[in-house]
2 protein chains.
Amino acid sequence: MLTDRQLLILQVIIDDFIRSAQPVGSRSLSKKSEIQYSSATVRNEMSDLEEMGFIEKTHTSSGRVPSEKGYRFYVDHLLSPQALQQQDISQIHSIFAERIFEMENIVQRSAKILSELTNYTSIVLGPNLQENRVKKVQIVPLSEGTAIAIIVTDTGHVENRRFSLPNGMNADEIEKMVRVLNDRLVGTPLMDLHDRLYQEMANLLKRRIANYDLMLQAFAEIMNVPIHDKLFFGGKMNMLNQPEFSDIEKLRLLMDMIEREENLYKLIRPSEGVGIQVKIGKENDNIAMENCSLITATFPVASGQRGSLAILGPTRMEYSRVISLLNVISTDLSKALSSLYEESEE
Amino acid sequence: MLTDRQLLILQVIIDDFIRSAQPVGSRSLSKKSEIQYSSATVRNEMSDLEEMGFIEKTHTSSGRVPSEKGYRFYVDHLLSPQALQQQDISQIHSIFAERIFEMENIVQRSAKILSELTNYTSIVLGPNLQENRVKKVQIVPLSEGTAIAIIVTDTGHVENRRFSLPNGMNADEIEKMVRVLNDRLVGTPLMDLHDRLYQEMANLLKRRIANYDLMLQAFAEIMNVPIHDKLFFGGKMNMLNQPEFSDIEKLRLLMDMIEREENLYKLIRPSEGVGIQVKIGKENDNIAMENCSLITATFPVASGQRGSLAILGPTRMEYSRVISLLNVISTDLSKALSSLYEESEE
DNA sequence: TTTAGCACTCAAGCTTACAGAGTGCTAACA
DNA sequence: TGTTAGCACTCTGTAAGCTTGAGTGCTAAA
């Protein structure tokens with residue numbers, strides 16, 4: 001168990017290091033007003049803290065640097081929720097004050113403000129499209145051979161794809177097809193569309209539409225909405241400002257990781273529940289992120305769905321501030337998205 | 001005027017520097033099989049070339065490095081069109097072999113292959129949406145207060161926006177509105193939509209629709225399609241591989257510039273004509289791009305529109321290869337987009 | 001006109017010296 | 001027994017000096 005003095009010293013070391021990115025020595029600590037002991041005493045305590053694995057030396061005679069265990073302890077036990085500046089809060093609220101109708105727009109704005117206020121990289125994952133339900137299907141013929149299929153979902157998302165019309169399909173038949181599709185598909189979640197088309201509708205269409213199979217195939221393909229939702233980024237380049245990435249090799253490794261979105265998706269998709277989760281360094285299970293922490297805020301959206309908002313920064317991150325910001329923004333974003341969704345559910 | 005020998009030496013210097021990124025010295029040049037003269041002779045010629053401004057020294061006793069004027073001359077007079085590897089060509093063709101219907105998809109793929117084959121950053125600008133014509137307008141009510149407006153253009157582009165319905169607007173009225181809009185707007189270029197709505201349609205709607213003004217306003221706002229088309233990028237991070245950007249400050253400057261898309265838009269939007277344009281270093285009129293060259297290929301798309309494809313790399317770029325690749329890809333892309341457009345014009 | 005030779009220059013790498021910041025340990029003090 | 005002062009020691013970073021190698025310019029001879 002740590003004594004109060006050890007807690008204090010650990011806290012001050014981590015706070016200092018987060019600010020300066022420089023190893024912290026006993027003398028500079030003992031000069032701080034929070035710490036009333038001589039450097040020798042501090043040295044003894046630091047030696048103990050090191051033995052317990054909370055801090056490390058970069059070389060024999062260097063100051064100490066927080067270890068991952070240290071950060072973990074700091075996040076779990078020492079973090080005092082930092083009051084945000086009024087200015088920041090009102091800046092955030094102003095972003096959400098306008099009534100915005102596009103999910104993408106809201107999400108993109110959230111990513112932007114988050115990265116600007118933190119100077120780290122933000123990643124936002126909106127609610128899953130797969131659970132959206134069909135509101136309306138429309139087919140717009142473009143020319144002899146092709147047409148645009150449009151699906152509008154209950155949340156106002158519009159999905160569209162161009163496809164080849166089967167030979168000899170005329171305007172009448174398209175009309176018929178659209179009617180059947182609307183009769184049958186409205187209310188179906190996008191994730192079930194494919195099965196629905198093939199299982200329930202094949203027979204129905206067979207009776208009414210010539211070349212129904214080609215049409216069906218074309219249509220089923222269109223419905224293949226990607227399973228992974230789009231990730232939105234803010235401040236991808238903010239990592240350039242962090243001294244830990246002045247080594248271009250590390251930077252490249254990290255950037256390559258970010259570009260491969262599937263990886264990131266796994267890291268950010270919340271396993272369960274809502275709230276804030278902090279993953280420090282190797283906890284992320286990814287070599288490129290050894291020097292990084294990922295803080296994820298998962299929030300509820302109407303109808304049991306969840307969205308996530310994440311900040312990727314160096315392990316030497318301003319945890320307190322970032323968590324406060326995530327809390328504010330995720331609450332606002334949750335409200336904004338929920339209202340979009342609820343409106344459409346009536 | 002340059003003698004043949006000077007031309008040869010200049011060419012070899014630039015080729016060598018493009019490969020190695022190291023200043024080229026007289027001795028290493030005279031060892032090359034292309035050059036049969038002693039290092040002293042080469043030195044004399046280099047001294048002349050420097051006097052004429054084609055090459056520079058980085059310090060008094062260093063080898064020579066091509067100047068911007070040198071690159072310019074190289075591009076204008078010395079470039080031998082490099083035969084691409086069959087492998088590269090077939091890789092490109094295979095990308096365009098599939099029949100793809102979405103403009104965005106095709107363009108994004110072009111950007112990707114281009115950046116992968118060159119290891120530089122690619123930027124693609126598709127044809128201008130503003131010249132697309134309305135094919136169909138649709139309004140899908142979502143809930144009491146809001147609806148989705150959808151415009152399909154003749155090229156198969158779908159634009160949609162959510163908006164608030166004026167109070168008391170019912171399904172019938174929406175139907176009516178849609179009918180009027182379709183009667184009147186089909187065939188209108190997107191760029192003219194706004195004026196059209198206000199000038200020609202205000203009266204028409206006034207007679208038929210209650211609250212027409214609110215509706216009109218809402219609709220006009222929706223039609224506000226951004227004037228700048230989206231830029232598509234490939235290999236944004238490829239700059240990390242270039243030794244000229246091992247200095248993180250230069251990298252940041254460049255990245256900041258890339259992020260401010262409007263800037264880039266100006267650089268890439270072709271002033272006129274089609275074909276390949278090379279801008280070297282300061283010719284780009286941008287501090288961040290002092291060490292960069294931008295090669296832009298402008299190609300025709302059906303109906304007089306043009307698209308552009310660009311490669312951003314260090315001034316020490318493989319001009320010959322990049323130009324060959326741009327030629328191949330822009331031809332393919334031009335065909336692919338044109339066929340999309342022509343289809344819709346019948 | 002070309003080349004060989006030579007003196008000269010500069011960058012880069014290596015060594016040495018040194019200051020500064022830090023540690024660990026011991027002995028003295030409250 | 002906890003705290004502190006003092007001291008020897010260690011490591012980094014920087015600056016100065018030296019050497020090497022690659023390069024140049026110039027001159028004189030072929």
Side-chain angles (χ1 to χ4, degrees), chain A residues 1-10 12-17 19-67 70 243-244 246-247, chain B residues 1-10 12-17 19-67 70 243-244 246-247:
Chain A
M1 218 17 239
L2 294 176
T3 65
D4 281 356
R5 193 166 65 188
Q6 287 171 331
L7 290 178
L8 175 66
I9 290 176
L10 180 57
V12 176
I13 289 174
I14 298 184
D15 283 339
D16 193 80
F17 185 71
R19 211 175 26 73
S20 70
Q22 295 298 322
V24 187
S26 58
R27 211 171 112 75
S28 72
L29 275 180
S30 78
K31 270 191 245 162
K32 302 218 171 207
S33 60
E34 301 100 302
I35 291 181
Q36 302 285 10
Y37 306 91
S38 75
S39 65
T41 308
V42 173
R43 262 198 306 278
N44 289 331
E45 298 289 30
M46 285 171 91
S47 173
D48 290 352
L49 285 170
E50 181 173 19
E51 208 166 304
M52 290 183 275
F54 293 112
I55 53 181
E56 299 167 343
K57 284 189 277 202
T58 58
H59 57 86
T60 2
S61 72
S62 77
R64 303 308 211 292
V65 156
S67 67
E244 19 278 282
S246 61
D247 175 7
Chain B
M1 221 15 240
L2 293 175
T3 65
D4 281 358
R5 194 166 66 189
Q6 286 171 332
L7 290 177
L8 175 68
I9 289 176
L10 180 57
V12 175
I13 289 174
I14 298 184
D15 284 339
D16 192 80
F17 185 72
R19 213 178 19 75
S20 69
Q22 295 299 323
V24 187
S26 59
R27 212 172 111 77
S28 73
L29 275 180
S30 80
K31 273 193 240 159
K32 302 217 172 204
S33 60
E34 301 102 301
I35 292 181
Q36 302 286 8
Y37 306 91
S38 75
S39 64
T41 307
V42 173
R43 254 191 321 272
N44 289 330
E45 298 289 30
M46 285 169 92
S47 173
D48 291 351
L49 285 171
E50 183 174 16
E51 208 165 305
M52 289 182 275
F54 293 113
I55 53 181
E56 299 166 344
K57 283 188 277 199
T58 58
H59 57 87
T60 0
S61 72
S62 75
R64 302 309 208 293
V65 154
S67 67
E244 20 276 281
S246 61
D247 174 5

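What you see is a predicted model; the values in this text were computed from it and never measured. Labels below follow one simple rule: chain letters A, B, ... track the order of the sequence lines, proteins then strands, and each chain is numbered from 1.
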Item to check | Backbone of Thr58(B) reached by a side-chain donor or acceptor of Ser62(B) within 3.5 Å | outcome: yes
Next on the checklist: Just checking Arg27(B): does its CZ atom have more than 12 heavy atoms from other residues, nucleotides or ligands closer to it than 6.0 angstrom?
Outcome noted: no
Checklist entry - Rounded to the nearest Å, what distance is computed from the CE atom of residue Met46(A) to the P atom of nucleotide dC25(C)? => result 15 Å
Item to check | Distance, nearest 0.5 Å, that separates CG of Leu8(A) from CD1 of Ile35(A) | outcome: 5.0 Å
Checklist entry - If every non-hydrogen atom of Ile55(B) is compared with every non-hydrogen atom of Met46(B), which pair is closest and at what distance? => result CD1-O, 3.6 Å
Checklist entry - Between atom CG of Leu10(B) and atom CG of Asp15(B), what is the distance when rounded to the nearest 0.5 Å? => result 9.5 Å
Next on the checklist: In this structure, how many angstroms lie between the C1' atom of dG21(D) and the NZ atom of Lys31(B), rounded?
Outcome noted: 12 Å
Nucleotides 10-12 of chain D: which of its N/O atoms have a protein N/O under 3.5 Å away?
{"residue": "dT10(D)", "atom": "O3'", "partner": "Thr60(A)", "partner atom": "OG1", "Å": "3.4"}
{"residue": "dT10(D)", "atom": "O2", "partner": "Ser61(A)", "partner atom": "OG", "Å": "2.6"}
{"residue": "dC11(D)", "atom": "OP1", "partner": "Thr60(A)", "partner atom": "OG1", "Å": "2.8"}
{"residue": "dC11(D)", "atom": "O5'", "partner": "Thr60(A)", "partner atom": "OG1", "Å": "3.1"}
{"residue": "dC11(D)", "atom": "O4'", "partner": "Ser61(A)", "partner atom": "OG", "Å": "3.0"}
{"residue": "dC11(D)", "atom": "O3'", "partner": "His59(A)", "partner atom": "ND1", "Å": "3.3"}

Item to check | With Ser26(B), the side chain to side chain donor-acceptor pair (under 3.5 Å) member among Glu45(B), Arg43(B), Arg64(B) | outcome: Arg43(B)
Checklist entry - Counting only heavy atoms not in Glu34(B), do more than 12 sit closer than 6.0 Å to its CD atom? => result yes
Checklist entry - Can you tell me how far C1' of dC10(C) sits from CZ of Arg64(B), to the nearest Å? => result 14 Å
Next on the checklist: It should be established whether Lys57(B) places a side-chain nitrogen or oxygen under 4.0 Å from OP1 or OP2 of nucleotide dA11(C).
Outcome noted: no
Checklist entry - Can you tell me how far P of dT23(C) sits from CG of Leu49(A), to the nearest Å? => result 12 Å
Checklist entry - Do Tyr37(A) and Arg5(A) have side-chain heavy atoms sitting under 4.5 Å apart? => result yes
Checklist entry - Once you round it to whole Å, what is the distance between P of dG22(C) and CD of Glu50(A)? => result 15 Å
Using the 3.5 Å cut-off, write out each protein N or O paired with an N or O of nucleotides 2-8 of chain C and the distance between them.
{"residue": "dT2(C)", "atom": "OP1", "partner": "Arg5(B)", "partner atom": "NH1", "Å": "3.0"}
{"residue": "dT2(C)", "atom": "OP2", "partner": "Arg5(B)", "partner atom": "NH1", "Å": "3.4"}
{"residue": "dT2(C)", "atom": "OP2", "partner": "Arg5(B)", "partner atom": "NH2", "Å": "2.9"}
{"residue": "dT3(C)", "atom": "OP2", "partner": "Ser38(B)", "partner atom": "N", "Å": "3.3"}
{"residue": "dT3(C)", "atom": "OP2", "partner": "Thr41(B)", "partner atom": "OG1", "Å": "2.6"}
{"residue": "dG5(C)", "atom": "O6", "partner": "Arg43(B)", "partner atom": "NH2", "Å": "3.2"}

Checklist entry - Counting just side-chain N and O atoms, does Ser47(A) come under 4.0 Å of either OP1 or OP2 of dT23(C)? => result no
Checklist entry - Once you round it to whole Å, what is the distance between C1' of dG2(D) and CG of Asp48(A)? => result 13 Å
Checklist entry - With no hydrogens and no angle check, is any side-chain donor or acceptor of Ser67(A) less than 3.5 Å from a backbone partner on Glu56(A)? => result no
